[in-house]
Amino acid sequence: MNNIKLDMEKAFSFVSRDEVFAWKETMEKNNVALHEKTGKGNDFLGWVNLPTAITEEHLSDVEETAARLRSKKLDIFVVIGIGGSYLGAKAVVDALSDSFAHLKGSDAPHILFAGQNIGEDYLYELRELLKGKEYAMAVISKSGTTTEPALAFRLLRQDIEEKYGVEEARQRIVAITDESKGALRTLANTEGYKTYVIPDDVGGRYSVLTPVGLVPIAVAGFDVRALVQGARDMEKASDVNVPFEENLAAQYAAARNSLYKSGKKIEILVNFTPKLHYFSEWWKQLYGESEGKEGKGIYPASVDFTSDLHSMGQYIQEGERILFETVISIANPDNEVRIPEDKDNLDKLNYLAGKRVDEVNKMAELGTALAHMDGGVPNIRVEVPKIDEYNIGQLIYFFEIACGMSGYALEVNPFDQPGVEAYKKNMFALLEKPGFEEETKKIKSRL
Ligand SMILES: O=P(O)(O)OC[C@H]1O[C@H](O)[C@H](O)[C@@H](O)[C@@H]1O
């Protein structure tokens with residue numbers, strides 16, 4: 001079953017339906033290349049069949065670990081990771097959580113993140129907070145050598161060992177990393193942490209349905225089975241035997257490539273609910289790292305509406321005409337809030353009395369789409385019935401498989417990220433990391 005609807009009508013006045021559907025053959029071929037592992041980067045395609053490959057035993061194991069950790073009555077579960085080892089869990093947990101869970105208190109631990117930045121104050125303040133809390137942590141790194149999470153883990157590991165003793169600390173740390181390579185694997189084996197493997201053939205930005213995402217999401221109290229089921233159903237709905245006319249992910253990939261060719265260089269992922277803010281951050285890594293290379297690629301941006309209509313709205317309406325929007329529209333909020341009558345009506349809102357807040361939001365959405373279209377910004381709409389585990393699972397796989405097909409249409413390898421190394425090399429040279437002596441000399445001569 002596919003719960004997602006794709007509406008491209010408001011893009012078709014910029015690129016015709018025929019132009020978009022002219023990608024049929026290419027996208028079908030690209031989808032076959034992904035499934036049969038015959039295209040570029042084909043050693044990183046483990047995510048394509050991942051949802052259906054996830055076993056019952058694996059899900060039970062993840063759930064048992066989550067239950068074991070939660071039996072420690074945790075206030076906080078710290079997830080240490082960056083990029084693909086951070087954004088998927090953050091996106092799903094934020095989408096599914098009560099916006100004020102951290103202030104309301106609940107049975108589930110609050111999920112906090114570390115190692116996703118090198119902010120000294122962030123780390124200081126987190127460590128201060130943890131002193132007075134019950135906590136456990138997951139340390140997540142596919143390579144096991146990324147500087148940011150390694151640094152955060154070095155600090156937080158010392159803290160947790162000091163607070164609980166080495167033995168109990170071991171029971172409170174889960175390591176998610178490569179099966180055999182990397183410093184984190186060596187440490188986890190030595191310490192005897194509970195570990196999970198990030199499969200070799202699943203890159204970081206495609207790893208949310210591996211333990212990288214599943215463990216934190218389960219600890220946060222969400223239903224990983226429903227999440228995986230949503231992804232499974234979208235895997236089926238985007239399979240190679242599904243023709244382009246019915247394969248919405250292929251159509252989305254085609255539409256964005258048509259728009260790109262017509263000069264729309266920036267895609268803005270739009271939401272109308274703050275719960276999806278980090279879903280956009282996840283999506284930006286997925287598309288940015290997959291497509292932005294060889295001097296090519298749509299620049300993935302994001303806005304939260306209506307908030308950003310009062311800031312970025314001006315540029316989108318009237319700035320340089322290189323933008324298109326993809327709106328994730330949630331058909332039904334979970335809760336109902338009706339606008340009350342007010343006897344003085346000083347705010348002149350009585351015309352809305354009795355209506356749901358979501359009705360106003362939906363008219364803002366429609367009004368914005370029409371205004372932006374009139375202003376030269378094509379609009380693609382992805383409609384989802386509601387935000388829950390199942391639908392988020394569908395959305396995740398929808399954007400992943402579309403990204404693979406779209407990247408192949410650009411003729412890049414969507415599964416590497418060589419450009420990310422440049423800053424790392426400079427940082428190591430500047431920090432005088434052993435082994436970087438030559439680079440240190442060179443970089444210092446530029447300063
Ligand atoms: O999981 P890790 O190996 O620590 O990698 C974390 C992240 O950092 C890298 O530099 C890459 O750009 C990302 O694709 C990756 O997700």
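Worth knowing before you read on, the calculation uses all heavy atoms, side chains too, and leaves out hydrogens, waters and symmetry mates. In listed order, ligands and their atoms are each counted from 1. Keep in mind that what you see is a predicted model, and the values were worked out from it rather than measured.
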Participant: Hey, what's the ring geometry for His102 with Phe100, parallel, tilted or perpendicular (30° and 60° as the breaks)?
Facilitator: parallel
Participant: What are the atoms of ligand 1, with element, lying closer than 4.0 Å to any heavy atom of Ser143?
Facilitator: 2 (P), 3 (O), 4 (O)
Participant: Can an N or O of Ser141 be found at a distance shorter than 3.5 Å from an N or O of ligand 1?
Facilitator: yes
Participant: Pick whichever of Gln116, Glu289, Lys424 has a heavy atom sitting closest to atom 14 (O) of ligand 1.
Facilitator: Glu289
Participant: Would you call the rings of Phe399 and Tyr252 parallel, tilted or perpendicular if under 30° counts as parallel and over 60° as perpendicular?
Facilitator: perpendicular
Participant: Tell me if the aromatic rings of Tyr287 and Trp283 count as close, with their centers under 6.0 Å from one another.
Facilitator: yes
Participant: Any cation-pi pair here, Arg256 with Tyr260, using under 6.0 Å and within 45°?
Facilitator: no
Participant: What is the nearest protein non-hydrogen atom to atom 8 (O) of ligand 1, stated with its residue, atom name and distance?
Facilitator: Ile82 CG2, 4.2 Å
Participant: Evaluate the side-chain proximity of Arg381 to Thr326: yes if any heavy-atom separation is below 4.5 Å, no if none is.
Facilitator: no
Participant: Please identify which atoms of ligand 1 are closer than 4.0 Å to at least one heavy atom of Val420.
Facilitator: 10 (O), 12 (O)
Participant: Considering the heavy atoms of Lys142, write down every atom of ligand 1 situated less than 4.0 Å from one of them.
Facilitator: 1 (O), 2 (P), 3 (O), 4 (O)
Participant: Test: ring pair (Phe, Tyr, Trp, His ring centres under 6.0 Å). Region: residues 115-135. Which pairs qualify, not counting sequence neighbours?
Facilitator: Tyr135-Tyr164
Participant: Could you identify the single nearest non-hydrogen protein atom to atom 5 (O) of ligand 1 and state the distance to 0.1 Å?
Facilitator: Thr146 OG1, 3.5 Å
Participant: Looking only at heavy atoms of Gln285, does any of them come nearer than 4.0 Å to an atom of ligand 1?
Facilitator: yes
Participant: Within the supplied structure, the quantity of interest is the number of heavy atoms (other residues, nucleotides, ligands) at a distance under 6.0 Å from Lys424 NZ; does it exceed 12?
Facilitator: yes
Participant: Using heavy-atom distances only, which candidate in Ser85, Gly115, Pro149, Gly84 approaches atom 1 (O) of ligand 1 most closely?
Facilitator: Ser85
